[in-house]
There are 2 protein chains.
Amino acid sequence: MPRTSQTELAILGALSIEPMSGYRVRAEILATLGHFWTESFGQIYPTLAKLEEAGFVEREAGEPFSITPSGRRRLRELLRTPPEPIPPRNALLLRLFFGKELGPAGCRELLDRTERDVRAQLAELAPIRARLDPEDPDERYQLVTLSAGEHHGRATLDWIAETRGLLGL
Amino acid sequence: MPRTSQTELAILGALSIEPMSGYRVRAEILATLGHFWTESFGQIYPTLAKLEEAGFVEREAGEPFSITPSGRRRLRELLRTPPEPIPPRNALLLRLFFGKELGPAGCRELLDRTERDVRAQLAELAPIRARLDPEDPDERYQLVTLSAGEHHGRATLDWIAETRGLLGL
DNA sequence: CTCCCCATGTAACTGGTTACATGATTCA
DNA sequence: TGAATCATGTAACCAGTTACATGGGGAG
């Protein structure tokens, strides 16, 4: 079962909101989906060309890319494909698992660093949440993805505290 | 900054516990690190050959691979390299973010499926936890990685409940 | 005039997976 | 004898990143 690219989905999704250039697609993804998704130019432009050839997006000369009706159908189709779970690869846990070799100081540094990173990420999320209106139906979807980040961040902090206790750090 | 392979680290880590064949390295990783790490044969054998050439592992004819002193030094060195954060790619959130296009039924199914998956994963973790002895210093590291999985699983369940409420599903 | 941002793209590389081929050993 | 498991490996493929090249347009 070959792993299928999700870039198509991300790009069509972005264009479903409004027409934009490839450059802006990337900027929007970075700004809006940044805490759970990334795309690089090396992926975006070839995919955009593929989508154009397939008739899912189009571009009038000098205009930004826009999604076509068939592109919107394609988007809905992709949205309904079940998210294939990516084989997990957690570099932090891989190191901590070999904590005996790493030593207490290394473990402690690993936890400290992670805590810093998570707190920084939560700090980035807070102002975004503050700007979102929970009553606006259009913004609710962004709110729930944001909330997922917060839940996982807090879970990581809980786990770090617990782990420090367990390892006596 | 080229993304560096962590396969070396995983393999040296496995061999730091006891000598074993490439086949068993894979089996052990699957059984023990399975909930946060994966390795495929297509990665393991070439990496093992590379490690052998570099003198980090060795193999007497007919014997399993074993880690050398310089391999153990290498392992500690790799353990101390800070875990480079993988660009996040959460296929579930990507779909949910475009929930307006996906529709309520699609969102609901997405959440249901995720809940099922997470519960299944937690159910796999429970018996492992039951077998671990929190007093054994050697098993504490496994315990904390296991606990990380539990924390994140529970966080996901919390988030799902919250999200159902928010989206009225 | 220069710097920065917008914009489009490509080439080289790499980490990783899947599928296939092959054979030894064990066990019912 | 035949199936399952242990074992080693390779070839094809793929998604994705990084780095580079190129140029227009606006701001200072």
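Per chain, numbering begins at 1; letters A, B, ... match sequence-line order. For the numbers below, each heavy atom of this structure counts, side chains included, while hydrogens, waters and symmetry mates do not.
- The neighbour count for A/Glu52 CD, taken as heavy atoms of other residues, nucleotides or ligands under 6.0 Å away, is above 12.
- Side-chain proximity of A/Arg89 to the nucleotides C/dA7, C/dG16, D/dA7 is greatest for C/dG16.
- Ring orientation note: the planes of A/Phe36 and B/Phe97 are tilted relative to one another, at an angle of 30° to 60°.
- Candidate nucleotides C/dT10, D/dT17, C/dT17 were compared by shortest atom distance to the side chain of A/Ser40, and D/dT17 ranks first.
- OP1 or OP2 of C/dA7 sits under 4.0 Å from a side-chain N or O of A/Ser21.
- Side-chain proximity of B/Tyr23 to the nucleotides C/dT8, D/dT17, D/dC6 is greatest for D/dC6.
- Judged by distance alone, with hydrogens and angles left aside, the side-chain atoms of A/Arg26 form no donor-acceptor pair with the main-chain N or O of A/Ser21 at under 3.5 Å.
- Contact annotation: B/Ser5 side-chain N/O to C/dG16 OP1/OP2 distance is under 4.0 Å.
- The phosphate of D/dA15 (OP1 or OP2) has no side-chain N or O of A/Thr47 nearer than 4.0 angstrom.
- Among the protein residues, B/Gly22 comes within range of the sugar-phosphate backbone only, with heavy atoms under 4.0 Å from sugar or phosphate atoms but none that close to a base.
- The phosphate of C/dG16 has OP1 or OP2 within less than 4.0 Å of a side-chain N or O from B/Gln43.
- Remark: B/Arg26 is not in phosphate contact with D/dA7, judged by side-chain N or O atoms under 4.0 Å from OP1 or OP2.
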